[in-house]
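Residues take their numbers from the sequence shown, with the count starting at 1.
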Amino acid sequence: MEYLKSEQRDKEPKNLYEPIAYILGLGGKRIRPVLTLMSAEIFDANYKDALPAALAVEVFHNFSLIHDDIMDDAPLRRGNETVHEKWDVNTGILSGDAMLILAYQYFEQYEPSIFRDLAKLFSKTALEVCEGQQWDVDFENREDVTLTEYLKMIQYKTAVLLGAAMKMGAIIAQTSTQNANLIYDFGLHLGIAFQLQDDYLDAYGNPETFGKQVGGDIIENKKTYLYLKAMEFASAGQKEQLMHLYSIKPQDNFEKIESVKELFVETGAAAATQKAIQDYTQNAFDTLDQLEIHADKKSILRAFGENLMGRKV
């Protein structure tokens with residue numbers, strides 16, 4: 001946090017840099033930069049060496065949030081006004097663009113060989129995040145989205161950045177290629193579990209702690225894992241009811257949200273989603289067995305995964 005503040009010097013023009021400071025200052029879980037720092041330490045590097053890369057990951061993640069919020073017309077982010085609501089859409093677009101460029105600049109602090117590996121991984125990941133976001137948008141207008149397609153979308157939109165955050169720490173620590181790839185897989189599986197849990201909390205989370213609009217996915221008619229599982233398990237009558245609810249955008253969404261949530265429970269979709277979260281978390285833990293690191297360090301990673309899956313926000 002102190003490093004983040006020290007990097008945010010007063011810059012001009014204010015209307016470009018203030019929104020950047022604003023979104024970075026909203027807090028959030030900061031999971032991705034923590035993963036980079038933790039991964040560097042797991043492979044015996046000093047976490048301070050990984051600070052520029054960790055900041056690059058956090059700035060990139062928040063850049064994607066500003067643009068996602070514009071695309072979703074979202075009013076809230078972490079319980080506060082979104083950038084485009086507080087300023088305007090044009091400011092959100094331009095400040096977001098600047099953040100993407102700033103993220104790349106942080107890698108310039110590394111020696112050429114490490115810089116090359118970080119930049120290659122980052123470019124690949126950034127493009128995958130864009131692909132995932134486009135699939136997410138495409139799925140809103142499709143009635144035939146499969147679970148396989150949905151899982152691929154969340155892998156690209158969310159999980160690859162968690163995997164990359166961990167692999168960056170491994171690259172900076174200059175561990176073996178095998179270790180770097182395994183820690184990427186650990187982050188990837190954990191990232192899928194994390195996004196499935198986000199889907200679940202979007203419907204069943206506590207509005208006080210969740211920080212986003214509870215039921216937002218239902219309001220937007222997003223075909224999340226919950227919805228797709230409900231459609232898979234539903235009776236003909238339930239399917240018809242669910243499809244109707246996902247075709248309307250009422251003025252008052254309360255009844256729609258409650259009806260959909262009831263259907264998710266009745267069909268068994270809510271329970272199936274919780275099981276999928278556990279399964280992907282276990283997949284992450286299975287990769288730990290193959291890592292060539294001390295057992296104590298495997299325990300740290302396992303504890304982190306367990307804490308992440310116990311979250312309510």
Checklist outcome for this item: For D97 and F63, the nearest pair of non-hydrogen atoms, with its separation, is N-CD1, 4.3 Å
Next on the checklist: Looking only at the aromatic ring of each residue, does the gap between the centers of W135 and Y150 stay below 6.0 angstrom?
Outcome noted: no
Next on the checklist: Just so I know, are the side chains of D279 and Q282 near enough to count as touching, which here means a heavy-atom distance under 4.5 Å?
Outcome noted: no
Checklist outcome for this item: Taken in chain and number order and not counting sequence neighbours, the residues that satisfy ring pair (Phe, Tyr, Trp, His ring centres under 6.0 Å) with Y225 are none
Checklist entry - So, do F60 and M99 sit near enough that their side-chain heavy atoms are less than 4.5 Å apart? => result no
Checklist entry - If you measure from the Lys or Arg side-chain nitrogens to the Asp or Glu carboxylate oxygens, is any gap between E58 and R32 under 4.0 Å? => result no
Next on the checklist: Same cluster or not: L102 versus L100, using hydrophobic residues (I, L, V, M, F, W, Y) connected whenever any side-chain heavy atoms lie under 4.5 Å apart?
Outcome noted: yes
Checklist entry - Can you check whether I218 reaches N253 side chain to side chain, under 4.5 Å on heavy atoms? => result no
Item to check | Note, L162 side chain near L188 side chain (heavy atom, < 4.5 Å) | outcome: no
Checklist entry - Near E240 CD, under 6.0 Å, is it more than 12 heavy atoms from other residues, nucleotides or ligands? => result no
Item to check | Closest non-hydrogen atom pair between A159 and G191, with its separation | outcome: CB-C, 3.7 Å
Item to check | Side-chain (K256) to main-chain (L245) donor-acceptor, under 3.5 angstrom | outcome: yes
Next on the checklist: Any heavy-atom pair between the side chains of E85 and L76 that's under 4.5 Å?
Outcome noted: no
Checklist entry - Shortest non-hydrogen contact from T273 to L226? => result OG1-CD2, 3.3 Å
Checklist outcome for this item: Smallest heavy-atom separation, A193 atom then T281 atom, equals CB-OG1, 3.5 Å
Checklist entry - If we only count heavy atoms from C-beta on, is the L301 to I183 side-chain gap below 4.5 Å? => result yes
Checklist entry - Using a side-chain heavy atom cutoff under 4.5 Å and only I, L, V, M, F, W and Y, what cluster partners does V137 have? => result M71
Checklist entry - Any side-chain donor paired with an acceptor under 3.5 Å for E140 and N221? => result no
Checklist entry - Under the ring pair (Phe, Tyr, Trp, His ring centres under 6.0 Å) test, which residues partner Y104, sequence neighbours left out? => result F122
Checklist entry - What is the distance from atom CZ of F107 to atom CZ of R116, rounded to the nearest 0.5 Å? => result 14.5 Å
Checklist entry - Looking at Y227, does the NZ or CZ of K222 lie under 6.0 angstrom from its six-membered ring centre and within 45 degrees of the ring axis? => result no
Checklist entry - When you check the gap from the basic side-chain N to the acidic O, do E149 and K152 get nearer than 4.0 Å? => result no
Next on the checklist: With heavy-atom distances below 4.5 Å as the criterion, would you say the side chains of D199 and Q195 are in contact?
Outcome noted: yes
Checklist entry - Can you list the residues that meet the ring pair (Phe, Tyr, Trp, His ring centres under 6.0 Å) rule with Y280, with sequence neighbours excluded? => result none
Checklist entry - By ring pair (Phe, Tyr, Trp, His ring centres under 6.0 Å), which residues pair with F285, not counting sequence neighbours? => result none
Next on the checklist: Per the side-chain hydrogen bond (donor to acceptor under 3.5 Å, both in side chains) rule, what does the pair list look like for residues 33-52, sequence neighbours excluded?
Outcome noted: D44-K297
Next on the checklist: So does A74 get a backbone contact from the side chain of D72, meaning a donor-acceptor N/O pair under 3.5 Å?
Outcome noted: no
Item to check | K86 side chain near T91 side chain, heavy-atom distance below 4.5 Å | outcome: no
Next on the checklist: Let me confirm one number: the CG-CH2 distance from L16 to W87, rounded to the nearest 0.5 Å.
Outcome noted: 11.0 Å
Checklist entry - Do you know which two heavy atoms are closest between A284 and F186, and how far apart they sit? => result O-CD1, 3.2 Å
